[in-house]
Undergrad: 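Structure below; questions to follow.
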Amino acid sequence: MAPDDTQPLPVDAVEAAIMHVLQAEAEARDAVANTHGAAQAIDEAARERARRIGLAADRRIAAARAAFGAKTVAEVGALDAQAAALDAEGPPESDEIARVERAVKALAASMTGGQA
């Protein structure tokens, strides 16, 4: 409840209060503008960091693919050399074929619980 005997404020006091409110409003606007600018700078820095991380990941993936490709080429080359050496020996003899067949049957039996 307002006091009953209110007296009007002097004009200078009213003007000072208005100026104080206007000054506070201007400071608030500046603070909001500064905060907005800081947020944009943080956003830009985060985007740049994400871009750098993505580029580093791409380089690592490319290096891994290249290493895998080189290893695969080397292994395929070694297998081709082994195949060529086997081809050069000529067809297997009948005792080698029989030995392989026995080994396959024994392996199958051990895997299935059957008899060799």
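All values below come from the heavy atoms of this structure, side chains included, with hydrogens, waters and symmetry mates left out. Here the structure is a predicted model, which means the values were calculated and not measured. This chain uses plain numbering: 1 for the first residue, then up along the sequence.
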Undergrad: Run the side-chain donor-acceptor check on residues 50-70: report pairs under 3.5 Å with partners two or more places apart or on a different chain.
TA:
residue: R51; atom: NE; partner: E48; partner atom: OE1; Å: 3.1
residue: R51; atom: NH2; partner: E48; partner atom: OE2; Å: 2.6

Undergrad: Under 3.5 Å, which donor-acceptor pairs link side chains of residues 83-97 to any protein atom two or more places apart or in another chain?
TA:
residue: E96; atom: OE1; partner: E93; partner atom: N; Å: 2.9

Undergrad: For Q82, what residues pass the side chain to side chain donor-acceptor pair (under 3.5 Å) criterion, not counting sequence neighbours?
TA: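 Checked Q82 against side chain to side chain donor-acceptor pair (under 3.5 Å); zero matches.
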Undergrad: Applying side chain to side chain contact (heavy atoms under 4.5 Å, CB included), name anything that partners I42, two or more places apart in sequence or on another chain.
TA: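 Once residues adjacent in sequence are excluded, I42 has no partner under the side chain to side chain contact (heavy atoms under 4.5 Å, CB included) criterion.
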Undergrad: Would you tabulate the side-chain donor-acceptor contacts of residues 29-38 under 3.5 Å, counting partners in other chains and residues two or more places apart, or write 'none'?
TA:
residue: R29; atom: NH2; partner: E25; partner atom: OE2; Å: 2.7
residue: N34; atom: ND2; partner: D30; partner atom: O; Å: 3.3
residue: T35; atom: OG1; partner: A31; partner atom: O; Å: 2.8
residue: H36; atom: NE2; partner: Q40; partner atom: NE2; Å: 3.3

Undergrad: With sequence neighbours excluded, tell me which residues meet side chain to side chain donor-acceptor pair (under 3.5 Å) with Q23.
TA: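 Partners of Q23 under the side chain to side chain donor-acceptor pair (under 3.5 Å) test: E27.
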Undergrad: Listed by chain and number, what are the side chain to side chain donor-acceptor pair (under 3.5 Å) partners of R49, not counting sequence neighbours?
TA: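 Listed in chain order: nothing, the list is empty.
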Undergrad: If you take all heavy atoms of S110 and L107, which pair is closest and at what distance?
TA: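 S110 and L107 have their closest heavy atoms at OG-O, 2.8 Å.
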Undergrad: List, by chain and number, the other hydrophobic cluster members for V104, where Ile, Leu, Val, Met, Phe, Trp and Tyr join if side-chain heavy atoms come within less than 4.5 Å, directly or indirectly.
TA: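 Other cluster members: V100.
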Undergrad: Given side chain to side chain contact (heavy atoms under 4.5 Å, CB included), test K105 with R102 step by step and report yes or no.
TA: CA-CA 5 Å; K105 286 179 183 177; R102 285 192 304 274; 5.8 Å; no
